[in-house]
Protein chains: 2
Amino acid sequence: MNPTIKDVAKRANVSIATVSRVLNNLGGYSENTREKVMQVIRETGYRPNAVARGLINKRTRTIGVLFPRVSSFFSSGILQGIEEYAHIHDYSIMICNTGGDGNRTLKVLELLQEKQVDGVIFCSSALKTEYVEIMAGMRVPVVLVSSESSYANIPFVRIDNYTAAFEAVEYLIGKGHRNIAMIGGRQEDQLAGVPRLEGYLGALRKHHIPVDERRIIYGDFRYESGYKGFEALLESARDMTAIFAASDEMALGALSAAYKHGIRVPDDISVIGFDGLELSRMAVPPLTTVRQPLVEMGSLAFELILEMIETGEIPEQANIVHHSIVERDSVRTVED
Amino acid sequence: MNPTIKDVAKRANVSIATVSRVLNNLGGYSENTREKVMQVIRETGYRPNAVARGLINKRTRTIGVLFPRVSSFFSSGILQGIEEYAHIHDYSIMICNTGGDGNRTLKVLELLQEKQVDGVIFCSSALKTEYVEIMAGMRVPVVLVSSESSYANIPFVRIDNYTAAFEAVEYLIGKGHRNIAMIGGRQEDQLAGVPRLEGYLGALRKHHIPVDERRIIYGDFRYESGYKGFEALLESARDMTAIFAASDEMALGALSAAYKHGIRVPDDISVIGFDGLELSRMAVPPLTTVRQPLVEMGSLAFELILEMIETGEIPEQANIVHHSIVERDSVRTVED
DNA sequence: TTGAAAGCGCTAACAT
DNA sequence: ATGTTAGCGCTTTCAA
């Protein structure tokens, strides 16, 4: 057995109350006893039991983090940001996969409640009513990342997807492109699918470019769908000179498909991605993309939840962070 | 306040012991009381407090997972495997970044000890003596992934790096290549750096191909070092027809550098990577690589630790899993 | 400056 | 079949 506070108290000839005091720097003891206690702690290698502490303090210094898929390229950046700040503030994080599955999400949420996490960060999934209900029941702060909730006053941090997509397409237009296709996300996806499509549409309208349905393909944000999307566009929109992909993964799929079909990027077709994942930089050719500051989004989410935990107050609900266009080599200028 | 077992007991007109019994399916109550208790639990939305349970059971059903960088492409696969199995067995995982930093690792280990995790999975870092000492002090099972320990009987799961590298190079040789360069990992890295280099050397020797120091460049497993490594090789080993990169990230760097320099892969130079990351499949051209079953390695690690937690016994120490060569499009056959 | 004791929410041994 | 009670390791009154 590892030593407990009792063992330390005994060996130091003091009461456990005194040990607790020096442990928590509460004062109310002589320098002498402090020394003695610290000495024993060092000798025995005593470490306070956070579980016991948690039981009495009702604080575990642990937060739960939910991802649809922890191992996705997208999750990684956010996770890194959360972890970094959590570590600074001596918090631990419990991560959970929801698999984008409602039942599993509920189960995971219940588990986190049982484990008494001090807060939960919920990432890149739509917030269903059932989630909100159980979250309310948990009575712990919740922050959304790359998600949003209109009907509950839950703070969220995300970029402005509409504007970001709008600017991506306007960037293409600025490069002289007129025949711009889009590989979008899921049409049902209100968080990233719809607004990015709207942004595309909006930019075209603003520049009086007619919308052509055949130039729009819907994927699921993943690589394969980008690959297939590109091939589909090859059929339906042969004259396109540029593609706006609603995710970097899909853009990479497009790049691969182009390579497969002997189509050169950006010489024959330009491609702009979305997300600014690390791998966009590693693509061939390096991918021009709309960057979301994923790491910062994670850090900010942690700061928000920390604030809620410590003050009990609900901060500004809408935390819109800045996107930016990262120019690399997958888009070329088209001469008229 | 959320309801406690006391509240449930009171409302159900039974003792807390009875509530505890039905909660844990221990028997010793009538169907009638069971019904009543369950009814109250449903009504109140009661959830047992895992912290209190942990205090008494000395089990938290939580394991700690350490990565040098949780957000790396490499960690992701392992993490996914661990999480999957942890979830099946109703365990939670606490993930920690060590940043490859000794002090931080020690701090994190201490934190995990305080939080009373039931075990720790330590991934892809060399195991220093200090770690082993503090781990021994924690008195919880430890499993290593993509790492190893000779001086402590800690179970580990990894592939056979030497053989895997050997086979990669032999694969290249089988394709007719003789002038094979290598972009290796860090020379000090005993886990992945040295054995993969040795494998390269061994394969050349076996096939009576003289080793040429100028064909060997050392990187750090990351993308940039692969990029630079490729450029360095362009200077020192112009006649190479193939490159064995000790990581997929470095292989991707090489691919990018080749593209930049107008060198076609695999027409001019073939490239084989190592790891089998998801992104190797997304590369242009799709990367031929040596696959480590990362997800399975994570699952296996979890199973091992679960076994240790539940039985208290130490399983087979060496768990060598199978690697395999994934043939894609970055290696071509050379005619003599 | 220090200690005794209550109690956080739960399990488990012991009664009944 | 059910209740009482003693802790698990700690923090925090309240006394001394």
Side-chain angles (χ1 to χ4, degrees), chain A residues 1-38 40-41 44-62 110-111 113-118 138-140, chain B residues 1-38 40-41 44-62 110-111 113-118 138-140:
Chain A
M1 272 302 291
N2 283 327
T4 72
I5 198 172
K6 262 189 197 160
D7 302 317
V8 175
K10 203 173 296 172
R11 277 187 65 148
N13 284 313
V14 296
S15 70
I16 60 170
T18 297
V19 176
S20 175
R21 285 187 190 104
V22 345
L23 234 35
N24 296 290
N25 288 309
L26 291 179
Y29 43 77
S30 67
E31 178 54 21
N32 229 314
T33 34
R34 201 193 72 87
E35 280 288 294
K36 197 169 42 179
V37 169
M38 290 308 287
V40 173
I41 287 176
T44 56
Y46 166 77
R47 298 251 118 216
N49 182 326
V51 172
R53 278 183 164 171
L55 184 57
I56 185 160
N57 292 335
K58 286 152 175 15
R59 283 284 179 82
T60 53
R61 293 192 86 81
T62 300
E110 284 171 356
L111 188 66
Q113 179 180 9
E114 294 187 4
K115 298 250 167 137
Q116 313 293 123
V117 295
D118 297 338
M138 289 174 74
R139 297 161 200 287
V140 295
Chain B
M1 272 303 291
N2 283 326
T4 72
I5 197 171
K6 260 189 198 162
D7 302 316
V8 175
K10 202 173 298 172
R11 277 187 64 147
N13 284 316
V14 295
S15 70
I16 60 170
T18 297
V19 177
S20 176
R21 286 185 190 104
V22 345
L23 234 34
N24 297 290
N25 287 310
L26 291 180
Y29 42 79
S30 68
E31 179 53 22
N32 229 315
T33 37
R34 201 193 73 86
E35 280 288 296
K36 196 169 43 178
V37 169
M38 290 308 287
V40 173
I41 287 177
T44 56
Y46 167 78
R47 298 250 117 219
N49 182 327
V51 172
R53 277 183 164 171
L55 183 57
I56 184 160
N57 291 334
K58 282 145 175 24
R59 284 281 180 83
T60 53
R61 293 193 87 80
T62 301
E110 284 171 356
L111 188 66
Q113 178 179 9
E114 295 187 4
K115 299 248 167 138
Q116 312 295 122
V117 295
D118 296 339
M138 290 174 72
R139 297 160 200 287
V140 295

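Everything numeric here is computed off the predicted structure, so don't read it as measured data. Letters go in sequence order (proteins before strands), and every chain restarts at 1.
Summary for the helix from C/dT1-D/dA16 to C/dT16-D/dA1: the axes at its two ends, each from 5 pairs, differ by 40° when rounded to the nearest 10 degrees.
Separation of atoms CG (B/Leu55) and CZ (B/Arg53) is listed at 13.5 Å; rounding is to 0.5 Å. Atom CZ of B/Arg47 is separated from atom CD of A/Glu114 by 5.0 Å, given to the nearest 0.5 angstrom. Here CE of A/Met138 is found 9.5 Å from CD of A/Glu110. Values are rounded to the nearest 0.5 Å.
A donor-acceptor pair under 3.5 Å is formed between the side chain of B/Asp7 and the backbone N or O of B/Thr4. In terms of modelled atom types and a separation under 3.5 Å, the side chain of A/Asp118 and the main chain of A/Arg59 share no donor-acceptor contact. With hydrogens and angles ignored, the 3.5 Å screen pairs a side-chain donor or acceptor of A/Asn49 with a backbone N or O of A/Val51. Although no hydrogens or angles enter the test, the distance criterion places no donor-acceptor pair under 3.5 Å between the side chain of B/Thr44 and the main chain of B/Pro3.
Mapping B/Ala17 and B/Ala52 onto DNA chain D via the closest heavy atom, the residue that lands nearer the 5' end is B/Ala17. Of the two residues contacting DNA chain C, namely B/Leu26 and A/Tyr29, the nearest-nucleotide position lying further toward the 5' end is that of A/Tyr29. Residues A/Lys6 and A/Arg21 both approach DNA chain D. Their nearest nucleotides, taken by heavy-atom distance, put A/Lys6 toward the 5′ side.
Annotation: B/Lys10, atom NZ; neighbour count of heavy atoms from other residues, nucleotides and ligands within 6.0 Å does not exceed 12.
Boundaries of the chain A contact region on DNA chain C are C/dT1 to C/dG9, first to last in 5' to 3' order (nucleotide atom under 4.0 Å from a heavy atom). For DNA chain D, the span of nucleotides reached by chain A at under 4.0 Å from its heavy atoms goes, 5' to 3', from D/dC8 to D/dT13.
A donor-acceptor pair shorter than 3.5 Å can be found between the side chains of A/Lys115 and B/Thr62.
Counting any heavy atom pair closer than 4.0 Å across all strands shown, A/Thr4 reaches sugar-phosphate atoms only and no base atom. Residue contacts for A/Val51: at a heavy-atom cut-off of 4.0 Å it reaches no nucleic acid atom on any strand shown. No engagement by A/Leu23 is indicated, since no non-hydrogen atom pair under 4.0 Å with the nucleic acid exists.
Contact annotation: the side chain of A/Asn24 approaches that of A/Ser20 to within less than 4.5 Å [non-hydrogen atoms, C-beta and beyond].
Checking each of A/Val37, A/Ile5, A/Val40 against A/Tyr46 for a side-chain contact (heavy atoms from CB on, under 4.5 Å) leaves exactly one that passes, namely A/Ile5.
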